[in-house]
Amino acid sequence: MAARDRSAFAEFVAARSGALHRAAYLMVGDVGLAQDLVQEALTKTYVAWPRLRDPANAEAYTRKAITSTAITWFRKKSWYGERTAEHVPETADAGHADAVAARTSLMQALAQLPPRQRAVIVLRYYEDLTEAQTAAMLGCAVGTVKSQGSAALSKLRDLMGDQLDVTDLINNEEVPA
């Protein structure tokens, strides 16, 4: 790879890695796994960089790598169980208890969705992609996005009941950078 290409790739990573990490975090629900996922996706992007016709498409390529890699990881491993934590989370401030509880419930409910349904929810509501863009990102038909999204929202409603306001919770979700 030429020095010019390396510097363009480094600029892309510096500019977009935070947003890529937030999306990866919503896919896997764990900061460490999200970092690994972004690193693997950026490695794939680096390898493909000379073949990218337009470097402006690098983010779409990387997001697709994040999504497909996360789905592959979930198929290979059973990540639906409990995860150990290095530190016990601190209690929330009294004024934010409801918001924290709702966000925690949403993250737990998202973790219970199958990988493709979770990917559809993250891409449609967090990344604010259209159905067609989501279908392109996942490599499936628009109808599949619609059916997976509908099934995911139905399951989230079952899990969360009246607490669920997907657009408010996901769009305002503060995830680790």
To the nearest 0.5 angstrom, please state how far the OG1 atom of T67 sits from the CG atom of L123. 4.5 Å
With S150, which residues qualify under side chain to side chain contact (heavy atoms under 4.5 Å, CB included), at least two apart? none
Any F9 side-chain heavy atom under 4.5 Å of T45 side chain: yes
Might you point out which heavy atoms bring V145 and R124 nearest each other, and give the distance in Å? CG1-CD, 4.2 Å
Can you give me the closest heavy-atom contact between E131 and V142, atom names plus distance? CB-CG1, 3.9 Å
Using only atom types and a distance under 3.5 Å, with no angle test, would you say the side chain of N57 pairs donor to acceptor with the backbone of A60? no
Any Y25 side-chain heavy atom under 4.5 Å of Q35 side chain: no
Could you tell me which non-hydrogen atom of A70 sits nearest to which non-hydrogen atom of M27, and how far apart they are? CB-CB, 4.3 Å
I'd like to know whether W73 forms a side chain to side chain contact (heavy atoms under 4.5 Å, CB included) with D36, so could you lay out the CA-CA distance, the side-chain angles of the two residues, the decisive distance to 0.1 Å, and finally the verdict. CA-CA 11 Å; W73 284 4; D36 292 346; 3.8 Å; yes
Side chain to side chain contact (heavy atoms under 4.5 Å, CB included) partners for A152, two or more places apart: L113, Q117, I121
When rounded to the nearest 0.5 Å, the distance separating CG of L138 from CG of L129 is 9.0 Å
NE2 (H21) and CG (L37) are apart, to the nearest 0.5 Å, by 9.0 Å
Are side-chain heavy atoms of Q148 and C140 found at a separation under 4.5 Å? no
Salt bridge (Lys or Arg N to Asp or Glu O under 4.0 Å) partners for K44, two or more places apart: E40
Under the salt bridge (Lys or Arg N to Asp or Glu O under 4.0 Å) rule, collect the residues that match up with R63, sequence neighbours excluded. E59, E127
Grab the two heavy atoms, one from A136 and one from K64, that are nearest each other, plus how far apart they are. O-NZ, 3.0 Å
Residues forming a side chain to side chain contact (heavy atoms under 4.5 Å, CB included) with A41, sequence neighbours excluded: T62, A65, I66
Taking the side chain as everything from C-beta on, heavy atoms only, tell me whether M107 gets closer than 4.5 Å to L26. yes
So if you build clusters from Ile, Leu, Val, Met, Phe, Trp, Tyr with side-chain heavy-atom gaps below 4.5 Å, do V31 and L110 land together? yes
Please report the shortest heavy-atom distance between A119 and I71, naming the atom on each side. CB-CD1, 4.3 Å
A side-chain contact here means heavy atoms from C-beta on lying under 4.5 Å apart; do L20 and L42 qualify? yes
Minimum side-chain heavy-atom gap V13-Y46 below 4.5 Å: no
Contacts of type side chain to side chain contact (heavy atoms under 4.5 Å, CB included), residue A141, not counting sequence neighbours: T144
For F12, what residues pass the ring pair (Phe, Tyr, Trp, His ring centres under 6.0 Å) criterion, not counting sequence neighbours? W49
